[in-house]
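Here is the naming used below: chain letters follow the sequence lines, and residue numbers restart at 1 for every chain.
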2 protein chains.
Amino acid sequence: MPKSLRSPRHQRFLAQLISLRKAKGLTQEQVAEKLGRPQSFVAKYEGGERRLDVVEFLDVTAALDTDPCEILSSLQL
Amino acid sequence: MPKSLRSPRHQRFLAQLISLRKAKGLTQEQVAEKLGRPQSFVAKYEGGERRLDVVEFLDVTAALDTDPCEILSSLQL
DNA sequence: GCAGCCTATCCCAAAATGGGATAATCCGAA
DNA sequence: TTCGGATTATCCCATTTTGGGATAGGCTGC
């Protein structure tokens with residue numbers, strides 16, 4: 001795992017994405033499908049193996065049917 | 001430039017960051033200093049030569065003294 | 001234990017990054 | 001217009017990250 005992805009903020013970020021996906025009752029496979037990517041893509045960003053850039057993040061929150069700002073606000077500082 | 005960074009949304013994203021920095025009267029060097037990074041870092045993400053992940057984005061908006069959500073909302077779809 | 005679903009990991013060629021150094025541009029003053 | 005400092009873009013290239021199909025590993029209920 002890239003070490004830049006080990007910060008506490010990143011950890012919280014990932015935890016949010018994961019719990020949000022589960023709360024929506026979606027599998028990695030289903031999210032992957034919405035994103036037009038393989039399941040390994042979702043597994044990797046959720047596992048911190050790969051980072052999400054800003055535009056990708058918006059795509060993911062759209063797939064999760066969620067407001068991106070809500071996630072960001074929980075990461076402030 | 002990585003081709004993943006050529007989408008219209010990304011272009012708008014970059015344009016926002018740049019105009020925001022200028023509006024605040026800051027140079028790349030000054031932003032870089034706040035971020036604890038070299039000027040080339042700022043030059044690269046502004047130029048689309050490098051992507052910003054979500055946490056880095058928050059750092060940048062903090063350096064620009066700006067609300068990240070405002071930028072995101074202008075990128076929706 | 002087995003079946004089925006879900007998630008993590010492998011592999012490694014290809015692509016992206018880091019950052020100091022340096023080139024190129026911009027811009028106001030003389 | 002020319003000069004010079006300030007600002008931004010580009011070089012270089014070793015190191016790090018990524019892409020994604022295949023496959024291993026886990027978990028749950030039966």
Side-chain angles (χ1 to χ4, degrees), chain A residues 1-66 68 71-72 75, chain B residues 1-66 68 71-72 75:
Chain A
M1 169 161 99
K3 61 181 160 187
S4 62
L5 301 182
R6 291 180 183 278
S7 74
R9 288 169 100 192
H10 237 294
Q11 294 301 315
R12 269 186 290 154
F13 175 62
L14 299 181
Q16 291 255 1
L17 291 181
I18 294 170
S19 71
L20 204 46
R21 171 175 63 76
K22 292 184 177 172
K24 301 279 180 177
L26 297 170
T27 67
Q28 289 184 347
E29 181 65 43
Q30 291 172 310
V31 174
E33 169 125 19
K34 292 193 184 193
L35 294 171
R37 298 270 204 158
Q39 173 264 334
S40 61
F41 174 78
V42 177
K44 283 185 176 182
Y45 76 65
E46 286 193 352
E49 189 68 24
R50 181 200 187 285
R51 59 173 119 189
L52 285 177
D53 70 30
V54 175
V55 172
E56 288 171 336
F57 169 61
L58 291 177
D59 291 338
V60 169
T61 56
L64 295 178
D65 191 33
T66 276
I71 295 179
L72 291 192
L75 298 178
Chain B
M1 168 163 98
K3 60 181 160 188
S4 63
L5 301 182
R6 291 179 184 277
S7 75
R9 290 170 98 193
H10 232 291
Q11 294 301 315
R12 270 186 291 154
F13 176 62
L14 299 181
Q16 291 253 5
L17 291 181
I18 294 170
S19 71
L20 204 46
R21 173 175 61 77
K22 291 183 177 174
K24 300 281 181 177
L26 296 170
T27 66
Q28 289 184 347
E29 180 66 42
Q30 291 173 310
V31 174
E33 169 122 20
K34 292 193 184 196
L35 294 170
R37 298 270 204 159
Q39 173 264 334
S40 60
F41 174 79
V42 177
K44 282 185 177 182
Y45 76 65
E46 286 192 353
E49 189 68 24
R50 183 199 186 285
R51 61 174 117 188
L52 284 178
D53 69 30
V54 175
V55 172
E56 288 170 337
F57 169 60
L58 291 176
D59 290 338
V60 169
T61 56
L64 295 178
D65 191 34
T66 276
I71 295 180
L72 292 193
L75 298 178

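Regarding B:Ile18, its CD1 atom lies at a distance of 16 Å from the P atom of D:dT7, rounded to whole Å. Following rounding to the nearest Å, B:Leu14 (CG) and D:dT8 (P) show an atom-to-atom distance of 15 Å. Atom CD in B:Glu56 sits about 7 Å away from atom P in C:dG18, given to the nearest Å. Rounded to an integer number of Å, the gap from B:Leu17 CG to D:dT8 P is 14 Å. In this structure, B:Gln30 places its CD atom 13 Å from C1' of D:dT8, rounding to the nearest Å. A:Tyr45 has its OH atom 18 Å from the C1' atom of D:dT17, to the nearest Å. When rounded to the nearest whole Å, the span between NZ of B:Lys24 and P of D:dT7 equals 19 Å. Rounded to whole Å, atom P of C:dG19 lies 12 Å from atom CG of B:Leu35.
Contact annotation: A:Arg37 side-chain N/O to D:dG20 OP1/OP2 distance is under 4.0 Å. Between D:dG19 and A:Arg50, a contact under 4.0 Å exists linking OP1 or OP2 to a side-chain N or O.
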Report task. Please step through side-chain contact (heavy atoms from CB on, under 4.5 Å) for the pair B:Gln16 and B:Thr66, ending with a clear verdict. Result -> CA-CA 11 Å; B:Gln16 291 253 5; B:Thr66 276; over 6 Å; no
Query raised in the report: Does the side-chain contact (heavy atoms from CB on, under 4.5 Å) test come out yes or no for B:Leu17 and B:Leu52, once each step is laid out?
Result: CA-CA 11 Å; B:Leu17 291 181; B:Leu52 284 178; 3.9 Å; yes
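Put simply, the side chain of B:Val54 reaches to within 4.5 Å of the side chain of A:Leu72, judged on heavy atoms.
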Tabulate below the donor-acceptor pairs under 3.5 Å that side-chain atoms of residues 28-40 of chain A make, not counting sequence neighbours, or state none.
| residue | atom | partner | partner atom | Å |
| --- | --- | --- | --- | --- |
| A:Gln28 | OE1 | A:Gln39 | NE2 | 2.8 |
| A:Gln28 | NE2 | A:Glu46 | OE1 | 3.0 |
| A:Gln30 | OE1 | A:Thr27 | N | 2.8 |
| A:Lys34 | NZ | A:Ala63 | O | 3.3 |

Query raised in the report: How does protein reach along nucleotides 4-9 of chain C, written 5' to 3' as B (base within reach of a heavy atom under 4.0 Å), S (only sugar-phosphate), or - (no contact)?
Result: --SBBB
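Nearest heavy atoms, B:Arg9 versus A:Asp59: NH1-OD1, 2.8 Å. Summarising the geometry of A:Asp53 relative to B:His10, their closest heavy-atom pair is OD2-NE2, 4.0 Å, with the distance given to 0.1 Å. In this structure, B:Pro68 and B:Leu58 approach most closely via the heavy-atom pair CG-CD2, 3.8 Å. Counting all heavy atoms, side chain and backbone alike, A:Arg21 lies closest to A:Leu26 at NH1-O, 2.9 Å.
Overall, the helix from C:dG1-D:dC30 to C:dA30-D:dT1 carries an axis bend of 40° between its ends, with five pairs at each end and the value rounded to 10°.
Under the salt bridge (Lys or Arg N to Asp or Glu O under 4.0 Å) test applied with A:Glu56, the options A:Lys44, A:Arg50, A:Arg51 reduce to a single match, A:Arg50.
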